[in-house]
Amino acid sequence: MLTLNHLDYYRLPWNLTDNSISWLEPTSKCNLYCEGCYRKNEKDGHKSFDEIKKDLDVFTSLRKSDGISIAGGDPLTHPDILDIVAEIKRRNLKPIINTNGLALTKDLLKKLKKAGVFGFTFHIDSKQNRPGWKGKNEIELNELRYQYAKMLADEGDISCAFNSTVYDDTKHFIPGMLEWAHKNIDIVQVMVFILYRAVNNKDFDYYIGPKKIDMNQLVYNEDSDSRADLKAPEIIEIIRNNYPDFDPCAYLNGSEKPDSFKWLLTGRLGTKEKIYGYLGAKSIEAIQMFNHLLHDRYLAYASPKDTRKGKSILLLSVFDKKLRKAFKNFYKNPFNVFRKLYYQSVMIIQPVDFLQDGRQNMCDGCPDITVWNGQLVWSCRMEEQLNFGMNVKAYPKGFMKN
């Protein structure tokens with residue numbers, strides 16, 4: 001497998017109290033079943049608007065954020081979604097709706113924009129059992145992705161992102177998905193690939209104190225033949241089969257393993273016809289730090305009007321060797337001075353993984369932190385809080401008997 005040196009990239013400065021994103025869960029109700037989901041679908045899972053405001057109070061009292069990911073469940077099923085978006089906007093935060101898109105209509109989109117929505121992240125992949133799209137592979141689903149991207153573009157100035165869970169039998173589709181995103185770089189700002197994870201019952205037992213825990217009651221504890229140990233460098237190697245120059249610029253390490261890539265960010269610059277180059281560590285550092293200097297927060301999502309200003313990003317090439325290559329490639333054709341250059345983010349997320357001694361390697365300074373009982377907790381392990389009141393600890397099989 002490809003080896004990446006984390007010291008070649010910018011370590012994103014996000015931490016527990018000063019982060020780009022926070023994760024709001026107004027509901028655990030969903031209108032779609034997705035394999036690999038970490039939340040149980042509750043039919044009556046809506047929080048009240050007052051409870052949601054209290055969760056936002058926790059975020060704003062404990063943590064600086066640029067954007068609030070409104071997730072769940074599917075937040076579009078919540079009857080107060082317009083008020084939720086408006087409340088986040090009122091607090092001078094960016095409301096980002098994480099949804100499967102099933103409940104989104106043009107009329108609702110118009111109302112959400114009026115309420116202040118900043119962007120959408122659509123979860124679309126081939127393991128969703130999505131009505132009308134069952135049996136479709138990731139490349140065939142690009143048609144559906146385009147429908148949502150076009151809907152947002154027609155409404156105007158709304159950030160468009162897509163994420164999908166990556167399995168061992170779907171990872172080979174990633175280059176084709178990125179090729180589609182490249183051809184739609186003018187209306188798609190972000191692509192996110194979330195590597196599949198599940199509870200490892202083969203090698204580990206789970207405990208709260210001295211009590212052994214049965215993990216079968218958790219929704220993400222499932223018997224699956226799919227690999228649950230995919231790593232970000234493996235995905236980069238696959239991508240380079242189509243884009244040989246593809247190279248990350250920044251990462252977020254693991255809480256237990258400093259050289260692991262929990263969030264691995266690549267920034268690319270291009271037109272619909274050609275990718276001209278990639279951001280390096282210095283350029284993404286300048287963008288994050290400059291945003292923090294101006295707005296006292298790290299940047300989460302950029303607006304479409306900003307991602308159309310790729311030529312402005314090229315000005316940072318004076319500090320960035322990798323970006324200088326993009327500058328030369330773009331201006332090799334003098335007529336490009338009249339063309340728009342777009343920026344597009346590609347993020348690979350590697351959720352909790354296990355070290356040999358049972359330690360669970362989490363995202364250090366988790367961007368997707370959420371609220372439970374007035375405290376900040378990992379959103380991907382919320383089911384442990386709900387079922388056991390706390391996170392469990394893992395130990396190698398037989399260790400606790402010794």
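Keep in mind it's a predicted model, so treat the numbers as computed, not measured.
- Salt bridge status for D44 with K29: absent, with no side-chain N to carboxylate O gap under 4.0 Å.
- The pair D18-R63 does not count as a salt bridge, with every side-chain nitrogen at least 4.0 angstrom from each carboxylate oxygen.
- Here E384 pairs with R381 in a salt bridge; the nearest charged N to carboxylate O distance falls below 4.0 Å.
- By the 4.0 Å N-to-carboxylate-O rule, D8 lies too far from K322 to be salt-bridged with it.
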For this session: Take D247 and K325 through the salt bridge (Lys or Arg N to Asp or Glu O under 4.0 Å) test and state the conclusion after the steps.
Result: CA-CA 13 Å; D247 197 27; K325 184 177 179 181; over 6 Å; no
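- By the 4.0 Å N-to-carboxylate-O rule, D57 lies too far from K54 to be salt-bridged with it.
- For W180 and F162, the gap between ring centers is short of 6.0 Å.
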For this session: With salt bridge (Lys or Arg N to Asp or Glu O under 4.0 Å) as the test, would you mind laying out the steps for D154 and K150 before giving the verdict?
Result: CA-CA 6 Å; D154 288 345; K150 186 68 165 57; 2.9 Å; yes
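- The number of heavy atoms from other shown groups lying within 6.0 Å of NZ (K113) is above 12.
- Under the 4.0 Å criterion applied to side-chain N and carboxylate O atoms, D55 and K47 are assigned as salt-bridge partners.
- In this structure, K282 pairs ionically with E285, as a charged nitrogen and a carboxylate oxygen lie closer than 4.0 Å.
- Annotation: F354 is in aromatic contact with F204 [ring centroid separation under 6.0 Å].
- Salt bridge status for K262 with E256: absent, with no side-chain N to carboxylate O gap under 4.0 Å.
- Side chains of L4 and L2 form a contact here, defined as non-hydrogen atoms less than 4.5 Å apart.
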For this session: Check the pair D353, K257 against salt bridge (Lys or Arg N to Asp or Glu O under 4.0 Å), reporting the backbone distance first and the verdict last.
Result: CA-CA 10 Å; D353 52 359; K257 200 169 183 296; over 6 Å; no
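- Note on K111 versus D107: salt bridge recorded, some NZ/NE/NH1/NH2 to OD/OE distance being below 4.0 Å.
- Contact check on K397 versus D203 returns no salt bridge, with no Lys/Arg side-chain nitrogen under 4.0 Å from an Asp/Glu carboxylate oxygen.
- For K127 and Y167, the positive end sits near the middle of the six-membered ring, less than 6.0 Å away and at most 45° from its axis.
- With contacts defined as side-chain heavy-atom distances shorter than 4.5 Å, the pair L112/L82 qualifies.
- A salt bridge links E138 to R145: at least one charged side-chain nitrogen sits closer than 4.0 Å to a carboxylate oxygen.
- Under the 4.0 Å criterion applied to side-chain N and carboxylate O atoms, E155 and K106 are not assigned as salt-bridge partners.
- Checked for salt-bridge contact, E383 and R39 meet the test: a charged N lies under 4.0 Å from a carboxylate O.
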